[in-house]
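The block underneath contains the structure these notes are about, expressed in C-alpha cells.
The basis for the numbers below is simple: all heavy atoms, side chains too, and nothing from hydrogens, waters or symmetry mates. Both counts, for ligands and for their atoms, begin at 1 and track the order of listing.
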Amino acid sequence: MKERVAIYPGTFDPITNGHMSIIRRALEIFDKLIVAILINPQKKPLFSIEERIFMIKEATKGMGNVEVDTFEGLLVDYAVKKEVNVIIRGLRATSDFEFEFQMALMNRKLNRSVQSIFLMTDYKWLYVSSSIIKEVSSFGGDVKGLVPDIVNEKLREKFRQKSEGGRS
Ligand code: PNS
C-alpha cells in the first residue's frame, strides 16, 4: 500500500506544545509527516532556520516518521515538488478560522489536487501561540510545560543573550 504522507507547514518560531499536539494527531492518520518551515525573509524571526530545524528535530525524536524540511515560495508548489497532496493545519479557537479558511481556499484555487485538513489542538493549548510564548519569555516569564523542553532551554539562552547584549 502507498505510504500516506502529509505536510504540516508553518513558521514554527518556535514550535509549541500546540504544534506538538497537531503533529501527534496527524501521525495517527498518516504514515509520515513532513514538518515544513517557511523561509520568509520578510518576517523577522527570533530563531534562525537552523535553530528551528534543530528544536523540531529534538522535540519530535522518537515520535515516528517525521521529516523536518524548509520551503520557499508557494506552499502548493512545494507540495507538488514533494509529491504530497495533503496539507495539515491546526485550529485553536474560532479566531483561527478566518485566516485558515482564506488560506485553504487560495491554495485550492492555486491547485485543486492539494487538500487541506484541519485538526483541533488539545484544549490545554488553546491559548498557546508562538507569539505569546516569545512575549512572555522575553519578560522573563516561565513557559515551562507550554513548549517542548528544548524550546524552553533555547528561549532562556536567547533572552539571556539578548539582555547581556543589551547591557554591553
Ligand atoms: O505558522 P504560520 O505563520 O501560521 O504559517 C503560515 C504558512 C507558512 C503556512 C503560510 O504563510 C504559507 O503557506 N506561506 C507560503 C506562501 C503561500 O503559499 N501563500 C499562499 C497561501 S496563503
Side-chain angles (χ1 to χ4, degrees), residues 4-27 29-30 32-60 63 65-138 143 146-148 150-152 154-155 158:
R4 293 164 307 174
V5 186
I7 293 173
Y8 180 30
T11 306
F12 303 107
D13 184 38
I15 189 164
T16 67
N17 281 353
H19 295 124
M20 293 298 292
S21 158
I22 300 298
I23 294 174
R24 215 166 279 118
R25 281 156 199 250
L27 285 171
I29 308 170
F30 294 91
K32 178 179 170 182
L33 188 67
I34 303 172
V35 179
I37 310 169
L38 174 69
I39 300 176
N40 183 355
Q42 275 154 15
K43 278 198 184 176
K44 284 221 172 341
L46 175 65
F47 291 102
S48 69
I49 283 287
E50 292 73 24
E51 288 171 318
R52 280 179 276 164
I53 293 173
F54 174 75
M55 288 186 286
I56 299 172
K57 282 192 174 163
E58 279 295 304
T60 58
M63 266 180 80
N65 205 350
V66 177
E67 176 185 329
V68 185
D69 195 14
T70 58
F71 74 103
E72 282 177 276
L74 288 177
L75 176 58
V76 288
D77 291 345
Y78 172 71
V80 169
K81 190 182 98 186
K82 297 295 275 188
E83 297 181 18
V84 173
N85 72 340
V86 180
I87 292 167
I88 299 280
R89 291 285 289 173
L91 285 176
R92 285 163 300 191
T94 47
S95 49
D96 283 338
F97 181 78
E98 206 169 324
F99 173 61
E100 294 300 332
F101 191 50
Q102 185 184 27
M103 210 160 63
L105 290 178
M106 180 53 86
N107 284 334
R108 188 159 172 76
K109 164 84 181 121
L110 293 170
N111 187 330
R112 288 189 70 78
S113 66
V114 177
Q115 304 295 339
S116 298
I117 293 188
F118 298 93
L119 295 176
M120 295 297 297
T121 192
D122 197 284
Y123 73 93
K124 285 182 281 187
W125 321 118
L126 282 180
Y127 64 99
V128 175
S129 68
S130 298
S131 315
I132 207 165
I133 289 291
K134 284 182 282 190
E135 182 172 332
V136 170
S137 287
S138 72
V143 294
L146 302 179
V147 292
I150 183 68
V151 175
N152 195 22
K154 294 286 167 196
L155 280 165
K158 189 67 81 178

* Minimal non-hydrogen separation, V143 against S137, with atom names -> CG2-OG, 3.7 Å
* Structure fact -> Nearest heavy-atom approach of P148 to I15 is CD-O, 3.7 Å
* Asked: Judged by atom type as modelled, is there a donor-acceptor pair below 3.5 Å linking the side chain of T60 to the main-chain atoms of V66?
  -> no
* Asked: In ligand 1, which numbered atoms sit nearer than 4.0 Å to a non-hydrogen atom of G73?
  -> 15 (C), 16 (C)
* Considering only the protein, which heavy-atom contact is closest to atom 7 (C) of ligand 1, and what is its distance? -> R89 NH1, 4.3 Å
* Heavy atom of the protein closest to atom 19 (N) of ligand 1 (residue, atom name, distance) -> L74 CD2, 3.9 Å
* Option passing side chain to side chain contact (heavy atoms under 4.5 Å, CB included) with L75 (candidates L110, N107, N111) -> N107
* Could you tell me the residue and atom name of the protein heavy atom closest to atom 2 (P) of ligand 1, and the distance to it rounded to 0.1 Å? => T11 OG1, 3.5 Å
* Asked: How does N107 reach ligand 1, by side chain, by backbone, by both or by neither, if only non-hydrogen atoms under 4.0 Å count?
  -> side chain
* Mind checking salt bridge (charged side-chain N to carboxylate O under 4.0 Å, His left out) for E100 and listing every partner two or more places apart, or none if nothing turns up? => R89
* Could you tell me which atoms of ligand 1, counted from 1 in the order shown, lie closer than 4.0 angstrom to a heavy atom of L75? => 13 (O), 17 (C), 18 (O)
* atom 10 (C) of ligand 1: the protein heavy-atom neighbour that sits closest, reported with distance to 0.1 Å -> M103 SD, 3.8 Å
* Atoms of ligand 1 less than 4.0 Å from K43 heavy atoms? -> 3 (O)
* Asked: Between A36 and F12, what is the shortest heavy-atom contact and its length?
  -> O-CE1, 3.7 Å
* Could you list which atoms of ligand 1 come closer than 4.0 Å to a heavy atom of L38? => 8 (C), 14 (N), 15 (C)
* Would you call K82-E67 a salt bridge at under 4.0 Å N-O? -> yes
